[in-house]
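Report on the structure given below.
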There are 2 protein chains.
Amino acid sequence: MNSSAVVRALGALAQDHRLAAYRLLVQAGPDGMAAGTLAEALEIAPSSLSFHIAQLANAGLVTQRRNGRSILYAADYAAMNALMGFLTENCCGGGVCAPAELVRQTPECC
Amino acid sequence: MNSSAVVRALGALAQDHRLAAYRLLVQAGPDGMAAGTLAEALEIAPSSLSFHIAQLANAGLVTQRRNGRSILYAADYAAMNALMGFLTENCCGGGVCAPAELVRQTPECC
DNA sequence: CGATCATTTCAACTATTATAGAAATATCGA
DNA sequence: TCGATATTTCTATAATAGTTGAAATGATCG
């Protein structure tokens, strides 16, 4: 995960509706949630949800798949791990901290 | 750290120059770096640096103190810890993961 | 196939963000 | 105090982001 991907991921999460949507998806687990359900839960217009969720998807933070007429979105836990790794791996000049250990100890789901 | 503070922190980091500045400060350690030094390292105008660093400071990610004519900025590791904690603490419905353990195992510097 | 449902794309507008240069503020050294 | 240095604030401008409603796309069901 390079700097520009990290900026995109951080920017994707740096908005009320998108952070809320992402957290709903994280809680929803691997099954994910339909776009319409998300829009309803967040109380925003379907087109707004589409606009925001596209940014989360573009940043690689969520995946999408079709199920009948609905499109289900789900959090990508691996991307979250990579983001967290990047934010820690370069700290303290790289010497003192042990980011690899840290990530390894993180449960697979997040 | 509430949702709006997290959005502010993520937004502060979600920009090339600011992410680069923040990482320089993280590497610089507690002594920090002068505003002018940062502007020079990032190759941006002093006024631009001032604009960006103010957002990092407003988000609570960096601290500032005066040293002679210079103003030294330093990364606030506690804020970084809080941000990381928020991003993990609500995952998996709160049941499966062990974020408290995770944070505790993180070295104090990051 | 035609009607319906779910989602995305488009268009138009408003608000926020990023940029650079000039002016203002604050500190230090002579 | 005066001049030099460091940083911030102000001003103006260009670019990006967020919102809504309408139209278009894609998939299902009768």
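These numbers come from a predicted model, not from an experiment. In the text below, chain A, chain B and the rest are named by the order of the sequence lines, each starting its count at 1.
- Side-chain contact check for A:Ile53 versus A:Leu25: some heavy-atom pair is nearer than 4.5 Å.
- In 5' to 3' order, the nucleotides of DNA chain D bounding all contacts with chain B (an atom under 4.0 Å from a heavy atom) are D:dA4 to D:dT9.
- Taking the side chain as every heavy atom from C-beta outward, B:Thr63 and B:Leu72 never approach each other to under 4.5 Å.
- A 4.5 Å side-chain heavy-atom check between B:Phe51 and B:Ile44 finds every atom pair outside the cut-off.
- Side-chain contact between A:Phe86 and B:Leu19 is present, with at least one heavy-atom pair separated by less than 4.5 Å.
- A distance of 11.0 Å separates CD in B:Gln55 from CG in B:Leu13, rounded to the nearest 0.5 Å.
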Could you write nucleotides 4-17 of chain C as a row of B, S and -, 5' to 3', where a protein heavy atom under 4.0 Å of any base atom gives B, of only sugar-phosphate atoms gives S, and otherwise -?
BSSSBB--------
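- A distance of 12.0 Å separates NE2 in A:His17 from CG in A:Leu24, rounded to the nearest 0.5 Å.
- Pairing each heavy atom of B:Gly29 with each of B:Ala74, the nearest pair is O-CB, 4.3 Å.
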